[in-house]
S.K.: 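The structure under discussion is supplied below as structure tokens; questions concerning it will follow.
Computed from a prediction, not measured in an experiment: that's the story for all the values here. The sequence lines fix the lettering, A, B, ..., with proteins before strands; numbering per chain opens at 1.
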Amino acid sequence: MSELQDENKLVALRREKLGKLRQTGVAFPNDFRRDALAAELRARYGDETAEALEETAVSVKLAGRLMGKRIMGKASFAHIQDMSGRIQIFLQRDGLAEGVYEEFKSWDIGDVIGVEGTVFRTKTGELSVKASNIRLLTKSLRPLPEKFHGLTDAETRYRQRYLDLLMNEESRRVFQLRSAIVRYIRDFLSERGFIEAETPMMQVIPGGARAKPFVTHHNALGLDLYLRIAPELYLKRLVVGGFEKVFEINRSFRNEGLSTRHNPEFTMIEFYQAYADYRDLMDLTETLMRGIAQNLLGGTVVTHQGKDYDLGRPFRRMTVLESIIHYNPDIRAEDLAERESAAAIAAGLGIPVAAGDGLGKIQTEIFEKTVEDRLDEPTFITAYPAEVSPLARRNDENPFITDRFEFFVGGRELANGFSELNDPEDQAERFRKQVEDKAAGDEEAMHYDADYIRALEYGLPPTAGEGIGIDRLVMFFTDSPSIRDVILFPHMRPES
RNA sequence: GGGCCGUUAGCUCAGUCGGUAGAGCAUUGCACUUUUAAUGCAGUGGUCAUUGGUUCGAAUCCAAUACGGCCCA
């Protein structure tokens, strides 16, 4: 059976129409130029009366996709949608050149058309364009989803995002807001003197995070390479090189499962500032979060999954240990201070404790299990154990912990920052510990990065750095329950 | 990786106790010069995810597989 016969009849019919277009001229013309967008017309003429519009009779050229068609004999209404939104067009047989109206009647919903006409207001008050000329610019062969219910099937929305964007205003809003958030962050840092950098995504030694990497292969070099799990170590090399304020917004890759919070490739911003510490970055983070809300959402209150979060109030700050005790009134500080008693608490919570796990690791796991998802209000958690923070600077008073924070809101970690470890000998020691862990079977443990140590030996100025998960940040600000709703093309298993 | 749920027309969805497959929208034809989920009349459209099993008979019951969703790890 040929592909054509096999095809849906709706498609076959449209393909026939395309065949006729090919015979009569250029089937896919690209000589139409528009001079207006739907939303611009609404903004400029939305408040003008029908009489005023009729008097000025403003001429416009619009282009967009035909999204609705109402034919009433010798007159028709239709809606076209462009990147700014929709607007109605009105056509009368006698207002168009000979035969054009009949052509229009044969066009299909989904076709891309160009319209010339004048702005007016209909009897029912809708701002519209009365067409004086109309052209088919791109024939659409496949029928769009239904006009009223639209496209709701999650799988189709993710696999065929173009349909989702075409049909769902909410989806357009999410990705427009995502773009605005990224731009805001870029401007925010640029205004503060940060330089934007692009560091390798293919790395010989994957570093900067605890995660399993993807492996790829370079044929000419005969070399396995890893897709980066974080840009961190390269950005700090740039600080060594004198880029004292530097940032990067781009993809990292982690070879782990998929969920509503994890996509194998995800976008992070990391930024580093010399002569600053983790407290400076907490302040900066607070300013940034508040700024996004105020500038892009119009106020400091963010609604996420049915709850309101006021980013206008100062964010709560507490240490890992304080938070454990706060959320677990039955756990005593003394019991968290010794490995043995802490391990007993962990065991009681069903957390598996390995022989090699130190007190810091155990504390962190108790924190993750009993506190993280309850950190609803915007909160900085500080004082993470050095054991779980192999790149962070130790606290001056208490070397067991680091000068580090994570930022949580809505029960999710959005950011991780710390004063950077710039002692090359301590860093080398911690890499060696990671290598031991890796040898003992910890697949997420870090590699020893000798070049990074060499860079530190030249001297990394005292620096603070931070990473923010852009996808999760966008989830929060766009009220999206799944990371797939904020990634244009989320990872899916191949079809069939 | 585990548990639960889903997959029926292009889209959104019904489908009772196992008895030859339904609606709305879209689409086709006709009518209609201010409609907006246009309207009226008449049509077309199906590998019921896939494979196997049970049965006289399977969209429906059973099993496996694929893909997806939610929850858990």
S.K.: Roughly how far apart, to the nearest Å, are B/G45 and B/G29 at atom P?
M.R.: 16 Å
S.K.: Can you figure out which of B/U35, B/G10, B/G68 approaches the side chain of A/Arg70 most closely?
M.R.: B/U35
S.K.: Using atom CZ of A/Arg142 as one end and atom P of B/G10 as the other, report the distance to the nearest whole Å.
M.R.: 11 Å
S.K.: Judged by each residue's nearest nucleotide on RNA chain B, which is more toward the 5′ side, A/Gln92 or A/Leu144?
M.R.: A/Leu144
S.K.: Determine: side-chain N/O of A/Arg484 to OP1/OP2 of B/C70, distance under 4.0 Å, yes or no.
M.R.: yes
S.K.: Other residues, nucleotides and ligands only: do more than 12 of their heavy atoms fall within 6.0 Å of CE on A/Met83?
M.R.: no
S.K.: Mind checking A/Met167 for me? I need base, sugar-phosphate or nothing, with any heavy atom below 4.0 Å counting as a touch.
M.R.: nothing
S.K.: With a 4.0 Å cut-off, would you call A/Arg178 and A/Asp471 a salt bridge?
M.R.: yes
S.K.: Compare the minimum distances between each of B/C70, B/G69, B/C32 and the side chain of A/Ile71, then state the nucleotide with the smallest one.
M.R.: B/C32
S.K.: Within the distance-only criterion (no hydrogens, no angle test), does the side chain of A/Glu387 pair as donor or acceptor with the backbone N or O of A/Gly360 below 3.5 angstrom?
M.R.: yes
S.K.: Would you indicate which nucleotide in B/C32, B/U35, B/U12 comes nearest to any side-chain atom of A/His149?
M.R.: B/U12
S.K.: Rounded off to whole Å, could you give me the CG-to-P distance for the A/Leu10 and B/G45 pair?
M.R.: 12 Å
S.K.: Using the P atom as the point on both nucleotides, what is the distance between B/G15 and B/A9, in whole Å?
M.R.: 15 Å
S.K.: If you measure from the Lys or Arg side-chain nitrogens to the Asp or Glu carboxylate oxygens, is any gap between A/Arg65 and A/Asp82 under 4.0 Å?
M.R.: no
S.K.: Separation of A/Leu91 atom CG from B/U34 atom P, in whole Å?
M.R.: 13 Å
S.K.: Return the nearest nucleotide to the side chain of A/Lys74; candidates are B/A37, B/U27, B/U33.
M.R.: B/U33
S.K.: Using whole Å, report how far CG of A/Leu151 lies from C1' of B/C25.
M.R.: 14 Å
S.K.: When you compare B/A49 with B/G68, how far apart are their C1' atoms, in angstrom units rounded to a whole number?
M.R.: 11 Å
S.K.: Suppose you measure atom P in B/G46 against the same atom in B/C41; what distance do you get, rounded to whole Å?
M.R.: 25 Å
S.K.: Just to be sure I understand the rule, does A/Gly95 reach a base, reach only the sugar-phosphate, or reach nothing, if contact means heavy atoms closer than 4.0 Å?
M.R.: nothing
S.K.: Tell me what A/Thr156 touches on the nucleic acid: a base, only sugar-phosphate, or nothing, going by heavy atoms under 4.0 Å.
M.R.: nothing
S.K.: State plainly whether the residues A/Glu443 and A/Lys212 are in salt-bridge range, i.e. N to O under 4.0 Å.
M.R.: yes
S.K.: Take the protein atom CE of A/Met67 and the nucleotide atom C1' of B/A26, then report the distance between them rounded to whole Å.
M.R.: 13 Å
S.K.: Is A/Arg493 close enough to B/A66 that one of its side-chain N or O atoms is under 4.0 Å from OP1 or OP2 there?
M.R.: no
S.K.: Quickly work out the A/Phe104 CZ to B/U35 C1' distance and round it to whole Å.
M.R.: 12 Å
S.K.: Sticking with atom C1', work out how far B/G1 lies from B/C56, rounded to a whole angstrom.
M.R.: 44 Å
S.K.: So, are A/Asp485 and A/Arg157 salt-bridged, with charged N and O less than 4.0 Å apart?
M.R.: yes
S.K.: Among the nucleotides B/G10, B/U35, B/A73, which one has an atom lying closest to any side-chain atom of A/Gln88?
M.R.: B/U35
S.K.: Could you go through A/Phe175 and A/Leu488, starting from their C-alpha distance and side-chain angles, then the distance that decides it, and tell me whether this counts as side chain to side chain contact (heavy atoms under 4.5 Å, CB included)?
M.R.: CA-CA 8 Å; A/Phe175 289 105; A/Leu488 282 165; 3.4 Å; yes
S.K.: Among B/G69, B/U34, B/G10, find the nucleotide with the atom closest to the side chain of A/Asn8.
M.R.: B/G10
S.K.: Parallel, tilted or perpendicular, judged at 30° and 60°: which one describes the rings of A/Phe380 and A/Phe405?
M.R.: perpendicular
S.K.: Between A/Arg159 and B/G68, does any side-chain N or O lie under 4.0 Å from OP1 or OP2?
M.R.: yes
S.K.: Checking A/Arg228 against A/Gln203: is there a side-chain donor and acceptor pair closer than 3.5 Å?
M.R.: no
S.K.: With a 6.0 Å cut-off (strictly less than), is the heavy-atom count around CD of A/Glu340, excluding the residue itself, greater than 12?
M.R.: no
S.K.: Both atom distances under 3.5 Å, Watson-Crick or G-U wobble: I'd like the secondary structure of RNA chain B as a dot-bracket string, with | for pairs made across strands.
M.R.: (((((((..((((.....[..)))).(((((.......))))).....(((((..]....)))))))))))).
S.K.: Closest to the A/Lys123 side chain: B/U35, B/U34, B/U28?
M.R.: B/U34
S.K.: Going by modelled atom types, is there a donor-acceptor pair between the base of B/U35 and the side chain of A/Thr122 at under 3.5 Å?
M.R.: yes
S.K.: Among the nucleotides B/U33, B/U27, B/G68, which one has an atom lying closest to any side-chain atom of A/Glu155?
M.R.: B/G68
S.K.: Select one nucleotide: of B/C71, B/C32, B/U33, the one nearest the side-chain heavy atoms of A/Ala75.
M.R.: B/U33
S.K.: Using the C1' atom on both, measure B/U55 against B/C70 and round to a whole Å.
M.R.: 35 Å
S.K.: How close or far is atom C1' of B/C32 from atom CZ of A/Arg93, stated in whole angstroms?
M.R.: 12 Å
S.K.: When rounded to the nearest Å, what value does the distance between P atoms of B/G24 and B/A42 take?
M.R.: 11 Å
S.K.: Side chain of A/Glu146, heavy atoms from C-beta onward: which of B/U12, B/U33, B/U35 has the nearest atom to it?
M.R.: B/U12
S.K.: Work out how far the P atom of B/C4 is from that of B/C11, and round it to whole angstrom.
M.R.: 29 Å
S.K.: Between B/A37 atom P and A/Met72 atom CE, what is the distance in whole Å?
M.R.: 13 Å
S.K.: Start at the 5' end of RNA chain B and walk down; is the nucleotide closest to A/Lys105 or to A/Ala78 reached first?
M.R.: A/Lys105
S.K.: Is the shortest side-chain N/O distance from A/Thr152 to OP1 or OP2 of B/C13 below 4.0 Å?
M.R.: yes
